[in-house]
Amino acid sequence: MSTPPVPPCSTGKGETPTPAVGATLIAPSRPGVRDLLSADDFTIVTATLARRHPELGWVAAEQRVVEALKFVATAATSTADLVPSGPVDAGWHALISCTAIYAELCARLGAIVHHQPEVTGAVAPASGWLDRTTAAIEAAGYDITPDLW
């Protein structure tokens, strides 16, 4: 098995946000991943990614958003340093750029998952980042889509 490329960014833990009035805190393994966002919000995030990367097409954009949701839901409760793959990071970027949607999601998950972009010259993620991240996602109750990791 070849070594995966160094990912473009990683996570950072933030303060625990205050859930919006009427919001319910959720455990990431309880709902289905698509239930983490409303259908309208999922469409907005997917459209954001599809507009930025028209070469993907709608289905591939949806797949990346789904994997990004799994990643963020897992990172919200994990103590490990998790790192997304490039395709998953693209979905995460689309999610983060929809700031109100992302803020509500993090509030419901109980933690803000901060984006830590790669900086030229910075220390690369610890070896094993891919295995550590995918194992954490699976331990949270999600299946991964291997082609995107």
Side-chain angles (χ1 to χ4, degrees), residues 1 4-118 125-126 128-149:
M1 180 176 196
V6 175
C9 49
S10 60
T11 61
K13 287 295 188 157
E15 65 280 358
T16 301
T18 303
V21 175
T24 304
L25 285 175
I26 54 176
S29 61
R30 292 209 176 117
V33 71
R34 291 288 293 265
D35 295 331
L36 292 171
L37 297 180
S38 71
D40 287 344
D41 287 350
F42 184 84
T43 298
I44 291 167
V45 174
T46 301
T48 299
L49 180 58
R51 275 193 308 271
R52 287 184 185 158
H53 296 281
E55 73 280 4
L56 291 176
W58 190 262
V59 172
E62 280 187 333
Q63 291 170 332
R64 283 160 173 75
V65 171
V66 165
E67 291 301 305
L69 287 167
K70 294 173 190 177
F71 173 78
V72 170
T74 301
T77 60
S78 178
T79 57
D81 290 327
L82 304 182
V83 180
S85 65
V88 175
D89 188 51
W92 190 18
H93 280 231
L95 183 59
I96 289 170
S97 70
C98 299
T99 58
I101 293 169
Y102 190 68
E104 176 62 24
L105 172 65
C106 288
R108 291 180 60 227
L109 293 171
I112 296 171
V113 180
H114 290 288
H115 185 274
Q116 307 274 329
E118 177 187 5
W129 68 266
L130 179 63
D131 291 337
R132 181 175 58 252
T133 300
T134 55
I137 291 168
E138 289 174 327
Y142 299 113
D143 294 327
I144 62 161
T145 303
D147 292 350
L148 297 179
W149 288 95

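Residues take their numbers from the sequence shown, with the count starting at 1.
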Which atom pairs, donor and acceptor, lie under 3.5 Å between side-chain atoms of residues 45-52 and protein residues at least two apart or in another chain?
from: Thr46; atom 1: OG1; to: Phe42; atom 2: O; distance (Å): 2.9
from: Thr48; atom 1: OG1; to: Ile44; atom 2: O; distance (Å): 2.8
from: Arg52; atom 1: NH2; to: Ser97; atom 2: OG; distance (Å): 3.0

inquiry  = Checking Arg34 now: which residues fulfil side-chain hydrogen bond (donor to acceptor under 3.5 Å, both in side chains) with it, not counting sequence neighbours?
reply    =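 In terms of side-chain hydrogen bond (donor to acceptor under 3.5 Å, both in side chains), with neighbours along the sequence ignored, Arg34 is linked to no residue.
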Results of side-chain hydrogen bond (donor to acceptor under 3.5 Å, both in side chains) for Glu62 - residues two or more places apart only =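 Scan of Glu62 (side-chain hydrogen bond (donor to acceptor under 3.5 Å, both in side chains), adjacent residues dropped) gives Trp58.
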Spacing of [X] atom [atom1] and [Y] atom [atom2] [to the nearest 0.5 Å]:
X: Leu37; Y: Leu95; atom1: CG; atom2: CG; answer: 6.0 Å
X: His114; Y: Cys106; atom1: NE2; atom2: SG; answer: 8.0 Å
X: Ser38; Y: Ile101; atom1: OG; atom2: CD1; answer: 7.0 Å
X: Ile144; Y: Thr134; atom1: CD1; atom2: OG1; answer: 4.5 Å

key: Closest approach of Leu56 to Arg64 (non-hydrogen atoms, all atoms of both residues)   =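 Closest pair (atom of Leu56, atom of Arg64, distance): CD2-CZ, 3.5 Å.
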query = According to the interplanar angle, ranging from 0 to 90°, do the rings of His115 and His93 count as parallel (below 30°), tilted (30 to 60°) or perpendicular (above 60°)?
reply =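 The rings of His115 and His93 stand perpendicular, inter-plane angle above 60°.
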query = In a check of side-chain contact (heavy atoms from CB on, under 4.5 Å) between Leu69 and each of Val33, Thr74, Val88, which one passes?
reply =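 Of Val33, Thr74, Val88, side-chain contact (heavy atoms from CB on, under 4.5 Å) with Leu69 is met by Val33 alone.
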message = Strictly distance-based, threshold 3.5 Å: is any side-chain N or O of Tyr102 a donor or acceptor partner for the main-chain N or O of Trp92?
response =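 No, the answer is negative, given that no donor and acceptor are paired below the 3.5 Å cut-off.
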inquiry  = One thing to verify: whether Glu67 and Lys70 come together as a salt bridge, which I'm taking to mean a side-chain N less than 4.0 angstrom from a carboxylate O.
reply    =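 Looking at Lys70 and Glu67, the cut-off is met.
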task = Check the pair Leu109 / Leu36 against side-chain contact (heavy atoms from CB on, under 4.5 Å), numbers first and verdict last.
result = CA-CA 9 Å; Leu109 293 171; Leu36 292 171; 4.2 Å; yes
